[in-house]
Amino acid sequence: MNLQIEGKWALVCAASKGLGRGCAEALVAEGVNVVVTARGQEALESTAAGLRALNPDVQVIAVAGDITTDAGREQALGAAPHIDILVNNAGGPPPGDFREWTRDDWIAALDANMLTAIELMRATVDGMAARGFGRIVNITSGAVKAPIDVLGLSNGARSGLTGFVAGLARQKRIAAHNVTINNLLPGLFDTDRLKQSTEAAATSQGRSFDAVLDAKRQAIPVARFGTAQEFGAMCAFLCSAHAGYFTGQNVLMDGGAYPGTF
Ligand code: NAP
């Protein structure tokens with residue numbers, strides 16, 4: 001299927017590794033020009049080189065910076081002539097116990113996993129509507145549907161974003177102009193983030209890394225972790241011309257791990 005987004009411009013945030021990189025790869029493969037961001041310059045430049053090799057016909061612009069800051073967002077937004085596709089992403093908050101979290105911990109989580117996405121949508125959505133095409137995908141988490149005990153910062157901040165997006169996506173001045181906003185909810189994907197959370201769980205439970213990883217894997221009906229490529233393919237479809245009648249939705253990609261009927 002040709003996704004019919006060739007020549008569009010995308011901003012893919014937090015994309016030097018993992019799910020963000022998977023989304024950037026899938027969009028570049030479809031002929032989309034991309035701005036990719038991450039804090040670490042070296043990994044970002046290497047990813048950008050990989051993206052250029054994947055499709056030499058597109059422009060790939062790497063912007064090193066922290067997307068959760070005003071300066072980082074300004075630089076990222078300024079790098080493209082305009083943004084047709086926005087993939088919101090940032091690192092997830094640390095695990096822990098809410099009894100120990102301070103107001104600053106909460107503000108950092110809200111900044112990264114709620115307010116940054118809202119700021120980037122604020123900066124881009126009206127331009128998309130004026131041009132008659134826009135696709136926004138927010139990478140959130142399966143934790144929005146089924147909370148994860150130790151990830152209370154994520155459960156809270158991402159649920160806030162989800163509630164906000166449910167309203168925003170349905171505004172006539174956005175939805176009636178071929179601009180869609182959806183959330184893509186990863187279950188367990190094989191990325192650095194999974195390794196870090198498994199290490200933390202192994203340490204706190206006094207179990208081996210492999211035992212914890214295997215238990216996680218066995219709890220998934222498809223009996224494996226997802227790949228960034230699979231995640232990217234779903235993201236690219238949500239950004240495609242074909243997905244114009246699909247908005248305000250939460251797409252859970254978790255290998256069947258969520259046990260509910262809906
Ligand atoms: P990952 O493999 O650790 O990759 C994270 C990427 O984001 C890296 O490129 C990182 O580069 C960049 N990044 C982090 N903080 C950033 C910031 N403030 N500004 C700009 N770039 C930033 O993580 P992932 O697995 O792809 O996860 C992506 C998101 O999905 C996270 O929010 C995570 O919590 C969520 N999630 C993941 C899973 C999973 O199973 N993997 C499940 C549920 C939810 P730098 O460090 O160099 O900035």
Side-chain angles (χ1 to χ4, degrees), residues 11-26 34-48 50-51 62-77 79 87-95 108-117 119-120 137-148 150-159 161-162 183-201 212-213 216-217 219-220 222 224-232 234-235 250-255 257-258:
L11 167 57
V12 187
C13 305
S16 67
K17 298 178 192 163
L19 305 180
R21 179 177 177 154
C23 294
E25 285 176 351
V34 293
V35 175
V36 284
T37 85
R39 292 163 304 179
Q41 184 139 21
E42 207 177 311
L44 182 64
E45 290 299 345
S46 153
T47 294
L51 292 170
V63 178
D66 185 340
I67 201 68
T68 69
T69 64
D70 287 339
R73 287 189 292 273
E74 214 168 290
Q75 271 186 299
L77 289 164
V87 180
N88 275 316
N89 186 29
L110 291 170
D111 267 341
N113 300 120
M114 179 182 176
L115 300 176
T116 288
E119 280 297 302
L120 289 170
V137 174
N138 299 305
I139 300 179
T140 63
S141 172
V144 169
K145 222 167 141 64
I148 300 168
V150 295
L151 287 179
L153 290 168
S154 173
N155 301 338
R158 296 187 201 274
S159 294
L161 176 64
T162 304
N183 304 316
L184 192 43
L185 287 54
L188 292 178
F189 280 78
D190 188 8
T191 68
D192 286 0
R193 169 85 177 168
L194 178 68
K195 289 185 195 86
Q196 286 154 12
S197 65
T198 303
E199 264 157 22
V212 174
L213 195 67
K216 286 186 180 196
R217 191 186 292 109
I220 305 169
V222 301
R224 66 175 178 83
F225 300 116
T227 68
Q229 288 71 28
E230 290 171 311
F231 193 84
M234 179 65 86
C235 175
N250 289 283
V251 180
L252 179 64
M253 256 187 112
D254 69 348
Y258 178 75

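When a ligand or atom number is given, it counts from 1 through the structure's own listing order. Numbers for residues simply follow the sequence, beginning at 1. The figures here come from the full heavy-atom set of this structure, side chains too, leaving out hydrogens, waters and symmetry mates. Keep in mind that this is a model prediction, so the values were computed, not measured.
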Can you name the atoms of ligand 1, numbered from 1 with element, that are less than 4.0 Å from a heavy atom of Gly65? 19 (N), 20 (C)
Atom 32 (O) of ligand 1 [closest protein heavy-atom partner, distance rounded to 0.1 Å]: Ala90 O, 2.6 Å
Find all atoms of ligand 1 within a distance of less than 4.0 Å from any non-hydrogen atom belonging to Asp192, and give their numbers and elements. 2 (O), 3 (O)
Polar atom proximity, Lys17 to ligand 1 (N or O, under 3.5 Å): yes
So, is Gly187 polar-close to ligand 1, with some N/O to N/O distance under 3.5 Å? yes
The closest protein heavy-atom partner of atom 23 (O) of ligand 1 is Arg193 CB, 3.5 Å
With distance as the sole criterion, is a donor-acceptor pair present between the side chains of Thr47 and Arg21 under 3.5 Å? yes
Do any nitrogen or oxygen atoms of Phe189 come within less than 3.5 Å of a nitrogen or oxygen of ligand 1? yes
Among all the protein's non-hydrogen atoms, which is closest to atom 19 (N) of ligand 1, and how far away is it? Ile67 N, 3.0 Å
Kindly confirm or rule out an N or O of Ala38 lying under 3.5 angstrom from an N or O of ligand 1. no
Selected option - heavy-atom contact closest to atom 37 (C) of ligand 1, from Leu151, Thr47, Leu19, Thr37: Leu19
Contact check: Gly91 vs ligand 1, nitrogen or oxygen atoms, below 3.5 angstrom: yes
Taking N or O atoms only and a 3.5 Å limit, does Ser16 qualify as a polar contact for ligand 1? yes
Please report which non-hydrogen protein atom sits nearest to atom 35 (C) of ligand 1, along with the residue it belongs to and the distance in Å to one decimal place. Arg158 NH2, 3.7 Å
Suppose I only count heavy atoms of Thr68 and a 4.0 Å limit; which atoms of ligand 1 are within that range? 18 (N)
I need the nearest protein heavy-atom contact for atom 6 (C) of ligand 1: residue, atom name and distance, please. Ala14 O, 3.6 Å
What part of Leu44 sits under 4.0 Å from ligand 1 if we count only heavy atoms: the side chain, the backbone, both or neither? neither
Taking only non-hydrogen atoms of Pro186, do any sit less than 4.0 angstrom from ligand 1? yes
